[in-house]
Amino acid sequence: MTSPWWAAFGPTETTVSCGGGKHRLRWSQGSLQALEHPDAQAELVLAALGGETTPCLDLIRAWGKHCDDLSVLAIGPRTGSDELTLTTAGIEEILSARRGPGWARYGTGGPSRAMFKPRPARRGSTSVTSFATSSIHRVSSAGGSPVPAGAGARPAPTSLRQHLLGAGPAGWPGPSHDPDRIELMQLMALGAPFLQRLCGAVAHAWSAGGQHAGHRGRAGPALTAALAGRAAPAVAQWLGVEPGHVAASLHDETGWGEIEAAPGTGERRVHVRLPVGWLASIWAPGLTVVAGSLVVSVLDAQWPAARVLTLRAPGRSPAELSISYDGRGWSRTG
Amino acid sequence: MTSLSAQARPDSERAETYLRLQAEAALRTAAGLPRYKLPRELRFPGWLGGGSGRARGRIRRSVAMHRMHLARASSGTRGMPVRGHADAGSGVRQLITRARQPLRSAWSQVVFAVWRGTRRLTRRFARAHRPPPARECLRRVGTLACVLTGAGGIDDSTADAVVEDFRASLAARSLIDPRELLGDARRATRPVQARPTGQLLVVPVGVAVDGDIDGEPARFYLSTVIVDQRQASIAFSARFPPALMHVVAAMPPVMRALQACTATDDRGARYQLHPGGGGGGGGTFDGRLDVRPALPAGVKWIDVALPGAQLSRISLTARPPALPSMSVALPAGEAAERYIDHLTFSLLQRDESATPGSAAADLVAAGLVETSSPALGRLAAAAGHAGFAMPPDLASVRPGTLPADWLAMMARRDRRDGPAGAIPLAARLPEIEGTRCFLVGLVSEPDSATLHVHARGWPQPHRTVMFQVEPFRWSARDDLGCSYVAEPRGSSHGHDRADLRLRLRPAIDPQARELQIILTGKTAEVSVTVPLDWQEGP
């Protein structure tokens with residue numbers, strides 16, 4: 001593949017509460033930008049030196065920190081319909097319930113309904129997801145314009161870092177949770193389009209050509225599980241088998257990999273060997289099954305069009321296919 | 001001492017992959033289960049301020065203060081402190097404060113009564129809290145992580161990472177309580193295990209006295225005194241009518257009586273004794289009384305005043321006899337076999353029909369044990385004795401031969417001829433994996449025995465009870481060739497110290513003259529042999 005891993009992704013935007021207003025976060029061409037903070041790098045340096053930070057900068061920094069975090073793949077979605085119910089408001093509520101001050105916060109009361117994101121009435125394949133109780137109001141993928149804040153939205157804290165470190169009075173139990181985990185949850189609450197891209201970034205970091213290529217260390221089991229959890233539903237959809245009958249392993253050699261169906265008359269079992277890069281360049285942009293074929297490699301891509309290698313059936317040779325994104329999903333063009 | 005085996009270490013990468021793939025399968029299963037439902041709450045009445053979260057907090061504090069007041073009033077100590085008492089310099093302010101106190105008290109009683117009524121209604125009519133169905137998937141993954149950790153296949157931190165990521169996966173999809181998103185608070189606040197430091201002296205006592213608590217007869221047995229630079233503690237056992245453990249005004253009468261214990265040393269200085277840990281039930285309490293303030297150097301004896309009992313003099317100059325002990329290094333490559341043997345060994349004394357077969361099947365699937373392993377043969381033999389079937393994956397395992405001391409243990413399984421007595425043990429086990437253990441008491445009863453252990457540097461429990469991995473395993477063997485299962489029956493922890501209670505089964509053979517107490521860790525096994533000179537017990 002000559003294109004970068006993010007070539008099949010379109011841009012996406014969302015808004016977050018920051019400094020008393022609504023600021024836009026935009027992901028495009030593999031990176032996250034805070035549009036209202038044009039010199040974010042300088043602000044990050046100042047923040048690192050003890051200056052003030054903002055929710056936008058915190059999210060930018062958290063994105064950079066977690067874009068090779070394997071927990072993203074362990075927690076993140078497995079399929080397009082596997083939607084997380086995280087909201088920023090819900091995370092804030094959990095934090096405030098745990099942060100104290102004092103005994104009155106511990107073991108009392110149940111979770112509130114604000115912790116849950118209302119299920120969307122109908123799953124759209126692409127564009128707008130609304131967050132009724134979240135400070136992130138609308139996510140518009142594929143380059144749409146952001147929607148202004150809705151009424152009744154709760155403002156986000158002035159700083160995520162303050163949120164993480166804000167203990168109660170001295171001597172009282174303070175926050176006992178892992179700040180990295182909270183940052184990760186905040187990123188996941190940005191919405192499905194961002195989460196897909198974050199998963200892609202993590203997978204790319206551990207694939208050939210990524211920052212951890214060649215020194216994978218002890219990440220093998222986590223990557224195998226990440227691949228199995230995502231390839232199995234895709235192959236199940238492609239071949240009509242049970243996901244539990246699909247075994248997956250990492251393909252570390254050259255080429256796209258291997259897919260073989262075990263012969264026999266009983267339950268059909270399929271073994272899939274794919275590289276980690278498959279998660280970044282194919283699974284994350286939603287290219288897994290197009291026109292009844294499993295996409296195994298991207299030859300060339302420039303969103304919203306791509307040229308891919310697809311398999312009609314296990315054991316066959318892959319064939320080239322030109323596809324494009326039509327606003328709802330990927331479909332064959334040639 | 002034997003040298004470490006040159007055997008290959010277990011394939012931890014394969015074991016971790018197995019765990020993670022099982023977690024993926026469990027997540028697919030959980031995705032088809034109903035989502036977590038919020039427990040339906042009945043709101044506190046609005047006229048009492050039940051609307052806002054802040055007001056609810058005030059009510060909870062008020063209720064808690066009222067309960068504390070009740071507890072103090074019943075224990076005869078000072079009542080609820082009056083706000084502003086410390087700076088009540090002016091007489092007018094004091095008068096106002098005193099005038100307001102009955103009003104405050106009346107209001108507090110009203111709030112408490114309404115709170116209690118609402119809570120009763122909630123329990124009766126609101127949707128009861130039920131664990132979400134997906135919790136079973138979490139239990140499965142957590143249990144598997146414990147099995148693989150116990151068998152040496154993966155380390156603690158890997159197991160924690162996988163289980164916590166899985167927990168977050170379920171919570172992020174609202175399949176379990178979303179508050180679990182951030183994991184287990186106890187895990188995050190886990191203290192670092194401290195290395196044992198400083199000198200520690202265990203003095204045998206062995207004093208049994210009769211007393212009474214609230215007019216009911218009670219018997220106390222003081223086993224040993226544990227003295228270090230900071231503190232002295234008395235290991236004790238108490239027996240009393242079970243009703244004394246029922247909570248009256250926020251505290252069982254036994255605990256209130258123990259809190260009132262005092263001691264006087266040979267120089268006339270007085271000390272307070274505080275229950276510093278322990279547990280029990282059904283008319284028994286085994287634990288530790290901490291002496292406060294710390295005993296100064298050079299004290300020869302103390303007189304202890306227990307509830308309703310005559311003074312018991314404890315000599316602090318006695319020294320325990322030297323006892324034979326051993327330390328053996330264990331081969332790293334056999335950790336999984338040892339784990340299966342431990343499961344099999346425990347199974348031989350267990351009453352319930354739970355089987356360790358699925359754990360063994362997981363170890364085979366994770367590549368930690370071969371199906372030809374002798375440990376699996378012993379498990380199959382034990383399964384045959386206990387009358388349960390091995391899992392289908394292990395159906396081909398041929399039953400092996402059980403060790404003679406295990407068979408002797410099975411033969412004594414239902415015996416109730418254990419000696420009734422106690423031994424003021426003051427035995428020290430060799431240091432193992434940064435932990436020092438002292439046996440501080442052994443109490444035998446007809447059907448079982450209880451071993452009391454004081455440990456320094458003992459790993460603090462850091463997982464939820466659901467996924468607790470025991471860092472060490474205990475067992476015992478007598479001089480007649482009979483083994484004993486030692487099951488943890490409770491523990492209390494503080495700083496780097498821990499007090500453990502272990503139940504030995506079957507009943508100790510009355511003919512036995514010596515007992516070897518064995519502690520097995522990940523890399524070594526240590527033991528100490530104690531003489532069974534039974535004395536009058538609790």
Side-chain angles (χ1 to χ4, degrees), chain A residues 70-71 73-79 81-87 90-91 93-98 102-106 108-113 115-117 119 173-178 181-182 184-185 188-189 218 220-226 228-230 232-233 242-244 247-249, chain B residues 12-25 27-29 31 35-41 53-54 56-64 126-127 129 154-155 158 161-162 164-175 177-190:
Chain A
L70 290 169
S71 287
L73 295 176
I75 300 170
R78 268 47 171 188
T79 64
S81 60
D82 178 22
E83 194 181 352
L84 307 193
T85 55
L86 283 173
T87 65
I91 294 169
E93 188 148 330
I94 294 167
L95 285 172
S96 62
R98 281 211 177 174
W103 55 269
R105 294 282 191 173
Y106 286 80
T108 54
S112 85
R113 292 181 192 280
M115 290 182 188
F116 296 89
K117 180 170 67 178
R119 303 289 296 168
S176 57
H177 29 250
D178 182 1
R181 177 54 58 94
I182 300 167
L184 182 55
M185 294 302 152
M188 290 188 167
R218 295 184 56 193
L223 292 171
T224 303
R230 289 161 180 84
E242 284 290 315
S249 56
Chain B
S12 57
E13 188 162 328
R14 182 174 167 188
E16 185 187 340
T17 304
Y18 178 74
L19 174 62
R20 288 185 180 274
L21 290 177
Q22 291 297 310
E24 285 296 330
L27 186 61
R28 275 199 296 273
T29 305
R35 289 177 183 272
Y36 175 76
K37 284 184 182 169
L38 295 169
R40 192 181 296 140
E41 285 183 320
R54 186 174 292 179
R56 282 204 299 274
R58 269 205 307 271
I59 288 166
R60 287 190 192 111
R61 279 192 288 277
S62 176
V63 166
R127 181 168 60 214
H129 172 74
I154 56 175
D155 55 31
T158 303
V162 175
E164 291 309 318
D165 278 351
F166 184 67
R167 188 200 300 270
S169 300
L170 296 178
R173 290 164 175 81
S174 298
L175 293 165
D177 189 336
R179 284 177 296 182
E180 297 199 40
L181 261 175
L182 302 177
D184 182 17
R186 276 180 289 179
R187 170 180 167 268
T189 56
R190 164 175 47 178

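Note that this is a predicted model, so its numbers are computed, not measured. Just so it is clear: chains get the letters A, B, ... in the order the sequence lines come, proteins before strands, and each one is counted from 1.
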Minimum heavy-atom separation for A/T85 and B/S174, please, with both atom names.
OG1-OG, 2.6 Å

Kindly write out the residues that satisfy side-chain hydrogen bond (donor to acceptor under 3.5 Å, both in side chains) with B/T17, not counting sequence neighbours, or none if the list is empty.
none

Highest number of heavy-atom pairs under 4.5 Å with chain B: which of A/A222, A/A228, A/G76, A/A232?
A/A222

Rounded distance (nearest 0.5 Å) linking atom CG of A/L223 with atom CZ of B/R20
9.0 Å

Note, B/R28 side chain near A/R78 side chain (heavy atom, < 4.5 Å)
no

Whatever's closer than 4.5 Å to a heavy atom in chain A on B/L27 counts as side chain

Could you check whether B/T158 and A/R218, counting side-chain N and O atoms only, form a donor-acceptor pair closer than 3.5 Å?
yes

Between B/A23, B/A25, B/A168, B/A15, who has the most heavy-atom pairs with chain A when the cutoff is under 4.5 Å?
B/A168

Best-contacting candidate, A/G244, A/P243, A/P233, against chain B by heavy atom pairs under 4.5 angstrom
A/P243

If you look at every heavy atom in A/A74 and B/S169, which pair is closest and at what distance?
O-OG, 3.0 Å

Measure distances from B/A31 to the heavy atoms of chain A and classify the residue's part below 4.5 Å as side chain, backbone, both or neither.
neither

Answer yes or no: is there a donor N or O on one side and an acceptor on the other, between the side chain of A/S71 and the main chain of B/D165, under 3.5 Å?
no

Relative to chain A, which segment of B/R173 carries a heavy atom at a distance below 4.5 Å: side chain, backbone, both, or neither?
both

Atom group of A/A247 that falls short of 4.5 Å from chain B, counting heavy atoms:
neither

Set of side-chain contact (heavy atoms from CB on, under 4.5 Å) partners for A/A226, sequence neighbours left out:
A/L73, A/R230, A/L279

One should read off an interatomic distance between A/L84 CG and B/L181 CG, to the nearest 0.5 angstrom, of 9.5 Å

